Every structure is written in structure tokens, then in C-alpha cells.
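This report concerns only the one structure given below.
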Amino acid sequence: MKKRSNRSFFLSAFSLLVACVIAMPAQAALQVDITKSSNGAIPIAIAPFQANGTQLPVDIAQIASDDLSSTGLFDVFPRNNMMGSPGTPDQVNYQNWRTQGVDNLVVGSAAPNGQGGYRITFHLLDVAQGQSTASFQVNAGANDLRDAAHTVANLIYEKFIGKKGYFLSRISYITVTHQGNSRRFRLVVSDYDGSNPTTVYSSQDPIMSPAWSPDGRKLAYVAFNVYKGISSLRVQDLASGNVRTIASGSGVNGAPAWSPDGSRIALARSKNGDTDIFVYNMNSGQMRQLTHSGSIDTEPAWSPDGRSIVFTSDRGGQPQIYRMSSDGGQVQRVTYDGESNQRADFSPDGKSLVMVQKSASGYRIAVMDLSNNDVRIVSDGPLDDSPEFAPNGQAIIYAKQGRNNELATVSVDGKASTKLSESGEVREPAWGPIGY
Amino acid sequence: MPGLFRTIGSNWRAVLLALLLHVLLAVLLVYSIGFMTDAASHGNQGEHIVQASVIDANAVDTAKPQPPENPAKSPKPPAESSQAEPSADKVAENKAAEQKQQKADQKAKAEAEAKAKAQAAEKARQVAQQKAAEQRKAEQRKAEQKAAAQKAAEQKAQEEAAAEQAAKQLAQREAARKAAEQKKQAEQKAAAEKAAKAEAARQAAEKAAAEKAAAKKAAAEKAAAEKKKAEEAAARKAAAQKKAEEAAREAAAQKKAEEAARQAAAAKQAREAAAKAQLRKMLSQESAGRQNAANQQAMAAYVAAIKNKVEGNWIRPPGASNISCDVQVQQLPGGQVVNVRLMGSCGSPAVDRSVKQAIYKSDPLPSPPQGAEFESQINFKFQPSQ
């Protein structure tokens, strides 16, 4: 009896062990599938950068904060609400930031680099995790602190968004100022945020359609000579100021667009009142006509792979976007939404187009997904014009016209828009390359 | 003499008390002696025997005077108290009375002493007597025992003698019987031998005659007998064979039946065991199933709680597509995240970071609801639809 109960005890103990062993892999882990994400912006705080107790000539943290904030992708924590200004990770009280909902914190400092400039050190801290996840050093000349601040923003941006930041990119645009009876047109180049504006060409006659060369060194634009009654398509080297005229004459010589490799410029020319798309080879100097319709074909734009060109044509009655191969064949209509669609530009990844769509609400900026032809309106109108993708594709710059002409940027999803301050009338922005 | 009576009359209480005391003493002495005798007779109750043996006349003398002192003294106080506030005239009278009293006391004392002495002597005498009686008794007992032993020895001897005698008689009787028997046997033997001899002669004669007749008969019978024998043998053989076959058949059948029965029994046992096992299994499965259903519901709620929290905390990098990754997370019972391990990239470093932060921001992870079991490891699969 005793023996038996002993045996049964061992048997049950053994079977329990077996059951445990068998059951373990099945119970080892809980499977959770994540299929959605939050739509919120990324909470971040950039504590003021210190420089051995002295004030830096440029508020690096503030510039970087504004950069990130302008994208609409970051929810930047206001400096006034900060419960401290740590300069190094070990000065951070994570709990304070946690309670304020700041998931991410940047702390940094600047010290003289011995060459008249500064060495900026900063750390990206994951507040939720309570530790530093990345550290960076940036060297900057004494006069380059603003660019250094943009670099800081770029590095942070890339960590979170996975793409290069465009805070070192430049834009160009046309301003118009009125002096008595005469007007002054200027071709201006500035930082992406409108700061550091520089006039690269000015004229009493209109200037139109600036376009950045892919390397960011040249601008193509159209200059009118009212007196002579001609228009010229010019390519200007920004560093040297040298100008090369691509096309000139009466009628239309405009709407230049650089091929992705910078070797060609597509443009619109009119002969006998009929405007068509041409391609000018920068190396050979040859001009080749791509479209031969009896309607107006204009505003060409290259796909990033250089294989196709989209353009605006009223061959269907109203201006719409058409697409063709870069040698002029296989023309297809692309847009059907709205009363009209004009001024298309490819996104850097080639997957979408931005354009001006005219509807009952006026002229607004629209983004079209080329994979499914879905169109999303990202601006309010009523007279929005000249949209162009940021070099990383995450934002669109455009000109708001009407009573107050100004430049604005908007995130590709239309959620965040920023106005770039510039006094006077501002037209036709063009967004240069990434800049680094 | 009349003076004495008067004194006694005036001090009747003291006299009474003294008398009472004497009586008491006498009773005590008698009783105690009796008791001691009694105790001694009971055997060795050590203490009492020792007391009894120690006692002698001297010892009794020294012990004796004490008791009378008390009754002599004790009557005094009442007399004194009554004489506490007498008049001067009465003092002489009192003195005389006192003296008388003292004399009476002394007399009483002497009397008591004498009485006590007499009693002690009596007691000693009694003790001596008792001792003597005891000795006598012991001697008597010894004598009795001796006599009993002697008697027993005599009896034993007598018995032995009787037994011897009986044994002798028995042996004699046996011998006689044996002798008679031998004689009888011898006689019988002789008679038997005689009869046997006669019989043998007769038989020999008969045999000779029979043999002659038989020889003839046998010759005739032999053939028939042999024939019959052969036939019978054949029949027997056949019958035997048949019987054997039948037996074999029967045995086989029985064996078969037994085997079948055994098999049937075994099958039945197996069936019953199987049914029982099945029942047990079903019962356990059913309860397990019920438990499972409840647990699954609780686990689903647990998973949903974790999923909701992490999804609410996940800010996906804009434009990131084709996100897919497995993440192993270790948590403490309080939901504290202790380790986040990406099993390969989710598509880009920025997505990896966002996934990691989504989990760390969800710390502490939801606790399991009632019925759901806590799991220290959670395997996340991040795979948004677009």
C-alpha cells in the first residue's frame, strides 16, 4: 500500500514535470500584433545649449526647435515650461520630463574648438527609457553657428523621421517691390526658412520660374526684356554669377526644369503661337522638341528616374496633367479631378505629384498618389500657386497669392503649415537640394 | 480528708480536666500500642517498627512529664483572672486557697506521675508481653512450618513409595500379560502351522486334479479366448482411441472455451478500463475546455489591453512603409519593461527607434485581468496595414 502510494506520487510528480516542460514553450510568450499607430506628432524638448556659462551668439536650441517645429512632425516643448535646463545627460531628472509628457529630450553644450569656432556636443535622450540613445558632435566656425543649429536639427530629424532633414537647404523665389511708378523684380536665394536672403538677379522687367540645378549651384530662370519684347531662359551660376542663355526670342521661352542628372533642361517654347515641350541638352547645346500638339503644352517636370516627364496641357479643353516618356512618346493623361490641374512636380521618390488644382474652392495645392491616383488637398487656397516638394519629400513649399503674397510650407499630409516671412510680394518659390 | 474533697469541690474543673487528661492518655497509650502491634503484624512498616523497638522505660519517663504540665498550668489563668481585683481581706484566704490548690496540684501531679509511671510500667510490661507473644508466635510459626515441611516430606516419601509400588505392580502386570501373550501366540502359531500343512496337502491334491482337467479345457478355451481377446482388444483399442479423441476434443473445446472466456474477460477489462479512461479524459477535457474558454477570453482582453496601449504610444515616422518586425519584450510582474529586443529591423533605424520607444513609453504594460496569466515575455509583431 505504501509502496504503491509512493510510486503513484513519483508518477504524478514526473507527469507534472513533463506537463510543465510541454506547456512551457506554449506559455513562454504572449503574441501581440501591432497594426496601427498614433497620429500624434513626436514630443521633444531641446534644452538651451550652454557654452561654459557664456551666452552663445546664436541660440542653437531655439533654431533647431523652430526647424523641427516647422515640419509639423514634432511637438516641440516650449522652453518656458521647462523645469530645468540640463546641459549634460547626468543633469537630467527624467521623471520631471516624463510627467510633462516629453518623450524625447535633447541636451547639449558648445565649447571653443581652439580654431575660433565651437565644438557643439549634444545628446538625444529617450525619456521613456531614461537613457541617452545617441550623441553627436558638430564643429562650427564662429560665423556658421546658424548652420550648425540647422545641422543639429537635421541630425535629430533623421533619427526620428528616417530621412535627411532639409534645414540646410535653400530656396529661391521672386520678389516684387514697387518704387513709385516702376517695379523691381528680384531673384532671391535664402535659407529654407527665409533667413539670409540674397538677391542673385534683379530687373525692372519681370523675372519668372526659377529652377534649381540638381547640384544646387545654378539657377535657371526666365527673364523678360519688355523693351525688346523677348523672353530669355537663363542659367546662372550662383557662385560666379555667370549667365548662360539657353533660349531666347519672342513668344514663350520658359518653365525650365532640370533633368535629375542636371545634363538637360526641359522647357516650354512657342513657335507660331503653339507652345510645346522641348529638351535642351546642356552638354551638346541641342534643342529637341518633345510634343507636337496644337494646344498649349507647358510646365514640364522630370521624374526622379529621368525616364518620364509630366506637363500641363489644355489638349483636353481644360489644363490637365499629362505624362510622357522623356523622349516624347506614350503621352497619357494623369489628372481627372477638379476643373483643372497645373504645375505638377514629382516627389523625390517619384511616387506622387504635387500640383495646383482648381475647383469651386479656388486654386489649392493637391498631392496625388501615383500608385492609386488618390488626390489629397493640402492647402486652403484660394490662390495658391507654384508648389514644389522639399528635397526630402516631406514638405511642400508654395506661394500664397492675393492680398498678402507670401511663401508657405506644408507637410505632405497637409497637417502642418508654416509661413515664411518676407516683406513685399513673393512669388514662385523653388526648393533647392538638401544642401549637405 | 474532707479538706481534700473541699479543695476538689472548689477546683472541680481542674480535677475534671486532670482526670480527663489521664483517661485520654491511657486511651492514647493503649490505642497506640495496639496500633503498633497491629502495624507490626502487618509487616515491615519501618517507621512504626523502629519506634516500637526504641521505646524503653527511660525514654517513656522523660517523655511522660510533659503532658501533665499543660493541664496544670492551664487551669491557672482563670483562677488568676477571677482573683484579679479581690479586696485586701480576701488575700489571705486566697493565699490559703492558693496553697491548698498548690498542694492539691502537687498531689494531683504526684498522682498523675505515679499513674503515668504505672502506666509506663504497664506499657513496658505490655510491650514485653507483646514481644514475648510475638516471639512465641514466631516460634510457633516456625514449628508449624517445620511440622508442615516434615509432613510434606513424609507425604512425599509416602507418595514416592506408593508410586514405586504402583510402578512395580504395573511392571509385574505387564510382564504377566506379555508372557501370556507369548504363550498364546506360540499356541496360535503352532495351530496355524498345522492347518497350513493340511491345507497345503489338500491344495496340492486339488491342484493336481485341476491341472489335469484344466489342461484339456485350456487347450479348447485358449483358442476362443485368444480370439475373443483379440476382438476385445480391438474393440477396446477402438474405444480407447475414440475416448482419447473425444477427450482430446473435449480438452481442446474446454481449452478453447477457457481461452475464449479469458479473452472475453480480458477484453471486458480492457473495455472497461478504456471507458473509464475515456470518461476521465472527457471530464478533464470538459473542465479544461471550460477553463480554457474563460482563460482565452481573459487572455484576449490582456492582449487587447497591451495592443491598445502600445498602438496609442507608437508614433510612426511619416512616410515609412513596409514596416514589419518582431520584437521580444521582457517584463516584470508589475509590467515594467526590462528588455526590448528587435528581431531584425522594422524597415529603417527611425522605425526601429519609434517601435522601441512605443514599448518603453507603454511601461508599465497593462496587468493581466482576472483569469489571464501573466507572461514575462511578450512577442510583438509590428505590421501596420499601410
Side-chain angles (χ1 to χ4, degrees), chain A residues 23-44 71-75 94 98 101-104 124-131 133-134 156-164 347-349 351-352 369 371-372 392-395 411-416, chain B residues 295 299-300 302-321 323-331 337 340 346-363 365-366 368 372-386:
Chain A
M24 236 189 293
Q27 292 192 331
L30 207 61
Q31 183 65 43
V32 179
D33 292 346
I34 303 299
T35 55
K36 288 185 290 187
S37 61
S38 163
N39 289 324
I42 298 160
I44 193 169
T71 64
L73 304 176
F74 292 85
D75 180 12
Y94 285 103
R98 229 171 262 146
V102 177
D103 295 352
N104 307 285
L124 179 54
L125 311 178
D126 187 330
V127 173
Q129 223 180 120
Q131 66 180 49
T133 54
I156 297 168
Y157 181 97
E158 191 170 350
K159 270 279 165 194
F160 286 91
I161 309 302
K163 289 173 177 162
K164 283 188 161 188
S347 65
D349 63 6
K351 290 178 178 171
S352 49
D369 185 338
S371 67
N372 54 17
N392 72 356
Q394 290 300 301
S411 58
V412 282
D413 58 7
K415 280 175 187 156
Chain B
N295 286 353
M299 284 313 272
Y302 185 26
V303 168
I306 296 169
K307 176 182 161 78
N308 286 342
K309 184 159 191 183
V310 172
E311 283 182 347
N313 284 328
W314 184 30
I315 300 169
R316 195 175 3 156
S321 54
I323 295 171
S324 177
C325 57
D326 293 306
V327 187
Q328 277 186 7
V329 175
Q330 302 290 337
Q331 64 164 339
V337 174
V340 177
C346 302
S348 74
V351 179
D352 295 350
R353 190 213 64 83
S354 75
V355 163
K356 263 191 178 177
Q357 186 164 56
I359 291 161
Y360 277 115
K361 200 181 173 185
S362 302
D363 180 337
L365 290 162
E373 215 163 299
F374 168 81
E375 296 292 354
S376 60
Q377 185 176 322
I378 304 173
N379 289 344
F380 286 97
K381 183 162 198 74
F382 282 74
Q383 198 164 36
S385 44
Q386 50 163 327

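Since the structure is predicted, the reported quantities are computational estimates derived from the model, not experimental observations. All chains are named by letter (A, B, ...) in the order of the sequence lines, taking the proteins before the strands, and each is independently numbered beginning at 1.
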Against chain B, work out which of [options] has the most heavy-atom pairs shorter than 4.5 Å and name it.
options: G130(A), G393(A), G40(A); value: G40(A)
options: P43(A), A41(A), S37(A), S411(A); value: S37(A)
options: D413(A), N39(A), D103(A), L73(A); value: D103(A)

Among K361(B), M299(B), K381(B), who wins on heavy-atom pairs under 4.5 Å with chain A?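 Ranked by heavy-atom pairs under 4.5 Å with chain A, first place is K381(B).
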When heavy-atom pairs shorter than 4.5 Å are enumerated against chain A, which of A304(B), P318(B), G312(B) gives the highest number? P318(B)
Distance check, rounded to the nearest 0.5 Å: I359(B) atom CD1 versus I34(A) atom CD1?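 One gets 7.5 Å once the value is rounded to the nearest 0.5 Å.
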Tell me whether K163(A) at atom NZ has more than 12 heavy atoms from other residues, nucleotides or ligands lying less than 6.0 Å away.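 Atom NZ in K163(A) is crowded, with more than 12 foreign heavy atoms closer than 6.0 Å.
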Q31(A) versus chain B, the contacting section by heavy-atom distance below 4.5 Å: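 Both parts, heavy atoms under 4.5 Å.
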For K307(B) and D33(A), work out which heavy atoms get closest and say how close.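 So the minimum-distance heavy-atom pair works out to NZ-O, 2.9 Å.
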Please report the closest heavy-atom contact between K36(A) and W314(B), naming both atoms and the distance. O-CE3, 3.2 Å
Apply side-chain contact (heavy atoms from CB on, under 4.5 Å) to the pair E311(B) and T35(A), showing each step before the final yes or no. CA-CA 8 Å; E311(B) 283 182 347; T35(A) 55; 3.3 Å; yes
Is the closest side-chain heavy-atom distance between R353(B) and N104(A) below 4.5 Å? yes
Non-hydrogen side-chain atoms of V310(B) and V32(A) separated by less than 4.5 Å: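 No. Closest side-chain heavy atoms not under 4.5 Å.
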